[in-house]
Structures are given as C-alpha cells and as structure tokens.
There are 2 protein chains.
Amino acid sequence: MPAPDVFSIGVLSERSGVNIETIRYYERAGLLQKPARSPGGYRLYRTVDVTRLCFIRRARDLGFSLDEIRHLLDLADQKSRSCRRVHDIGLTHLTEVRAKIRRLRRMEGILATMVKACANGTMPACPLLEAFASA
Amino acid sequence: MPAPDVFSIGVLSERSGVNIETIRYYERAGLLQKPARSPGGYRLYRTVDVTRLCFIRRARDLGFSLDEIRHLLDLADQKSRSCRRVHDIGLTHLTEVRAKIRRLRRMEGILATMVKACANGTMPACPLLEAFASA
DNA sequence: TGTACACCCTGTAGGAACTACAGACTCAAT
DNA sequence: ATTGAGTCTGTAGTTCCTACAGGGTGTACA
C-alpha cells in the first residue's frame, strides 16, 4: 500500500461493515466512484470511502433503495446544482423519513408493551398486527 | 364470492396496497396461510388478511427481512409458546427498532437543515454523510 | 342461454440487490 | 524464491419481488 492513508478493499470492508463483494457491486452500480489502483491492479481507498459506505449501509438498513440512496448521495455531493432542486428532493425524503419514524415509534411502543407484559409472565393479546392496519 | 365478508385476491391487494403477485409470493414463502378457495379455485380472503398484509408491507418498508417479519408474526400469533422466548425475541427486535429510530432522527435533522438552508438560498456544506460515520 | 370481458389460476422467466464461488494474480514476509 | 493471505474478474446462486403467457372462472347483459 503506497501511502499510510490509503488502504485495500479488505480494510474498507472491515471499517465500513460492508461485504467486499457488495463494495465491488456498489462500484459497478455507480454508487462509489472507481477507485485508484495499485500497480498490480488492487483497489485503493481512503477514509472518505469509509464514510460514504457507512452511509449507504445505514440507509439500506432503513429501507431506502439504491436509487433513493443515489439521490441522497447526489444531494450530499451537490451534483444537483439548483438549490430549488435540492430543496424539493430533500423535502420528499424528509416526508418519507418522518413517516418511517412514526411507524417505528408505534412498533416500538407495542414491542415494549409485549416485552414488559411477558417479563411479568402475563401474555397479552397481541396488538402488533392491528397497529399497522390503519397508517 | 359466497359471503359478504369474504373477498378475492384483487380486493385484498387493493385494501392492503400489496401487489397480487406479491401476495401469492408471500403465500408460497409461508408468511400467509393458504386461504380457502371458491369452487372454481379462486382464493378467498377475510379482513384479518388485510391486517396481516398491511403489517408485512410496513415492516418491509422499514427494512425488516421476510425472516424477521416471520419472527414478528410468530410473536403475534403466539406460536412461540414460552413467554420467556417471546420476551427475548421481542427485546431483540425492540433494540433494533430503537436503533433505527435514532438513525432516522439523525437523518431527519440533517435533511431538515438542508431543506431550510436551501429555502433561504444558502447551500450549506453537506453533513449527510458524516452523520452515519460513527453510529 | 350464450357470449363478452374482467378477473383469477399456475408456472416460468425476469429484475434488483446482493452473495458465493472458481481460477488466476499480487503482495509482504520469511 | 517461496509461501500464504489477500485481491482480481467473471459467473452463477439467493432473496424478494414483478411481469408475462396461456388458460380457466364469474357475472352481466343482450
């Protein structure tokens, strides 16, 4: 590895918690820029790539599609030059994020109730399903 | 349709917001019980199926895998007889749900800041990526 | 009664987002 | 110079859907 702040895909995988194969897949899918290469053809990464990959991982875990994440990353990269466009895309995602938070809160409350009741040994009728019937 | 509280897969799809093909897929995958059939072989559903499907849809949207949802549904169905087991599984999911809420909150704050700044016409340096670097 | 026409059936093949090899090459340490 | 872990490309498999094709069902209306 030529420089101390440059590292291999294995190290990137370890630091980001993203599978090596998945990293290469994200590169093919255009979510990560093609990295520099060592003389022997090894991919060379930097800290900024760890940050970006962590973001992708978290966003995926929260149910965003790769397409949505591409949009969010474009926001971060400020590829959409127009402030108006940044505003609009941001607002759309904001609405979605808030809806997800609401639903998770509801799920949280219900799970907490179940867990507490179960700790007491009294299993309540399960309200998990009903909670999502409406919203 | 034999009875008024019994309906076809098309109606179920409409009421739950889940694609017809996906409903059949969930049945194959064992997330939905095999429904009753009309004399001609049509699937017959009831309101309880709408509830269950809505739950699956929401949970998927929140990033849970079908396997995790199976677990949650088992909790709801109380297939896991032991209260201790219900407690443990519930607690695991509760921890996960709370972590998701934390991350979404962070994302919400950042998006809100960006959107507000953009409404003023001043584009800030983007903190979206950094937000997920640590947790 | 028959005949449209929308709906449903099974089965299979595709897409998205990974994941897991195989077979060959690289790199660092000895 | 050699060994062994790590990486390369390419391809094939998995999960979770999604979209037909080709055929049967249900009902409404003439």
Side-chain angles (χ1 to χ4, degrees), chain A residues 1-46 49-50 52-73, chain B residues 1-46 49-50 52-73:
Chain A
M1 295 294 114
D5 59 336
V6 163
F7 41 84
S8 73
I9 196 168
V11 175
L12 177 61
S13 169
E14 214 168 292
R15 292 196 190 164
S16 66
V18 176
N19 204 314
I20 289 181
E21 328 264 10
T22 307
I23 294 173
R24 291 198 275 250
Y25 172 75
Y26 286 161
E27 184 186 325
R28 282 199 302 282
L31 275 88
L32 300 175
Q33 280 193 311
K34 303 212 165 190
R37 297 279 184 144
S38 76
Y42 280 25
R43 287 169 177 83
L44 300 176
Y45 295 100
R46 296 160 172 280
D49 298 304
V50 178
R52 198 176 178 89
L53 259 181
C54 283
F55 177 80
I56 296 174
R57 180 165 66 82
R58 296 301 188 188
R60 284 293 298 144
D61 183 52
L62 294 171
F64 291 96
S65 71
L66 289 194
D67 249 20
E68 289 171 318
I69 294 171
R70 230 185 302 265
H71 270 129
L72 287 167
L73 288 172
Chain B
M1 297 294 114
D5 59 335
V6 164
F7 41 84
S8 72
I9 196 168
V11 175
L12 176 61
S13 169
E14 214 169 291
R15 292 195 190 164
S16 65
V18 175
N19 204 313
I20 289 180
E21 328 264 12
T22 307
I23 295 173
R24 290 198 276 249
Y25 172 76
Y26 286 162
E27 184 185 326
R28 280 199 303 282
L31 275 87
L32 300 176
Q33 279 192 314
K34 305 213 164 188
R37 298 278 184 144
S38 76
Y42 281 25
R43 287 170 178 81
L44 300 176
Y45 295 100
R46 294 159 175 281
D49 299 304
V50 178
R52 199 176 177 89
L53 259 180
C54 283
F55 176 80
I56 297 173
R57 181 164 67 81
R58 296 300 188 191
R60 284 292 298 146
D61 182 53
L62 293 172
F64 291 95
S65 71
L66 289 194
D67 249 21
E68 288 171 319
I69 294 171
R70 230 184 302 264
H71 270 130
L72 287 167
L73 288 173

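Quick caveat: nothing in here was measured; it's all calculated off a predicted structure.
Rounded to whole Å, atom P of C:dA24 lies 16 Å from atom OH of A:Tyr42. For the pair A:Asp61 CG and C:dA17 C1', the interatomic distance rounds to 14 Å; values are reported in whole Å. Atom-to-atom, OH of A:Tyr45 to P of D:dG6 comes out at 17 Å; the value is rounded to the nearest Å. Following rounding to the nearest Å, A:Phe7 (CZ) and D:dT7 (C1') show an atom-to-atom distance of 16 Å. One interatomic measurement links the two molecules: CD1 of B:Ile20 to C1' of C:dT10, which rounds to 14 Å at whole-angstrom precision. Across the protein-nucleic acid pair, A:Ile69 atom CD1 and C:dA16 atom C1' stand 12 Å apart, rounded to whole Å. Rounded to an integer number of Å, the gap from CZ of A:Phe64 to P of C:dA16 is 20 Å. Counting to the nearest Å, the P atom of C:dC8 and the CZ atom of B:Arg43 are 11 Å from each other.
Taken from CD1 in B:Ile56 to CG in B:Leu66, the straight-line distance is 8.0 Å, to the nearest 0.5 Å. Distance check: B:Thr22 OG1 to B:Leu31 CG gives 12.0 Å after rounding to the nearest 0.5 Å.
Residues B:Tyr45 and B:Val11 fail the side-chain proximity criterion, which asks for heavy atoms closer than 4.5 Å. Using a 4.5 Å heavy-atom cutoff, the side chains of B:Val6 and B:Arg46 are in contact. For the pair B:Glu27/B:Pro35, a side-chain contact is recorded, criterion being any heavy-atom separation below 4.5 Å from C-beta on. Looking at A:Tyr26 and A:Leu53, their side chains come closer than 4.5 Å, going by heavy atoms from C-beta outward. Using a 4.5 Å cut-off on side-chain heavy atoms (C-beta onward), A:Ile20 and A:Ser13 make contact.
Judged as a salt bridge (Lys or Arg N to Asp or Glu O under 4.0 Å), the pairs with a partner in residues 6-25 of chain A (not counting sequence neighbours) are, in order, A:Glu21-A:Arg24.
For the OP1/OP2 pair of C:dT26 and a distance below 4.0 Å, the side-chain nitrogens and oxygens of A:Arg37 include no atom meeting the criterion. An OP1 or OP2 oxygen of C:dC9 is reached within less than 4.0 angstrom by a side-chain nitrogen or oxygen of B:Arg24.
The side chain of B:Ser8 lies closest to C:dC8 when the candidates are D:dG6, C:dC8, C:dC27.
Within residues 9-16 of chain A, the residues approaching DNA chain D are A:Ile9, A:Gly10, by heavy-atom distance under 4.0 Å.
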List every contact pair, protein side and nucleotides 13-17 of chain D side both N or O, where the distance is under 3.5 Å.
from: D:dC16; atom 1: OP1; to: B:Leu66; atom 2: N; distance (Å): 3.3
from: D:dC16; atom 1: O3'; to: B:Arg60; atom 2: NH2; distance (Å): 3.3
from: D:dC17; atom 1: OP1; to: B:Arg60; atom 2: NE; distance (Å): 3.3
from: D:dC17; atom 1: OP2; to: B:Tyr26; atom 2: OH; distance (Å): 3.0
from: D:dC17; atom 1: OP2; to: B:Arg60; atom 2: NE; distance (Å): 2.6
from: D:dC17; atom 1: O5'; to: B:Tyr26; atom 2: OH; distance (Å): 3.3

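Of the residues near DNA chain C, A:Glu21 and A:Gly41, the one whose nearest nucleotide (by heavy atom distance) lies more toward the 5' end is A:Glu21.
Salt bridge annotation for A:Arg70-A:Asp67: present, with a cationic side-chain nitrogen under 4.0 angstrom from a carboxylate oxygen.
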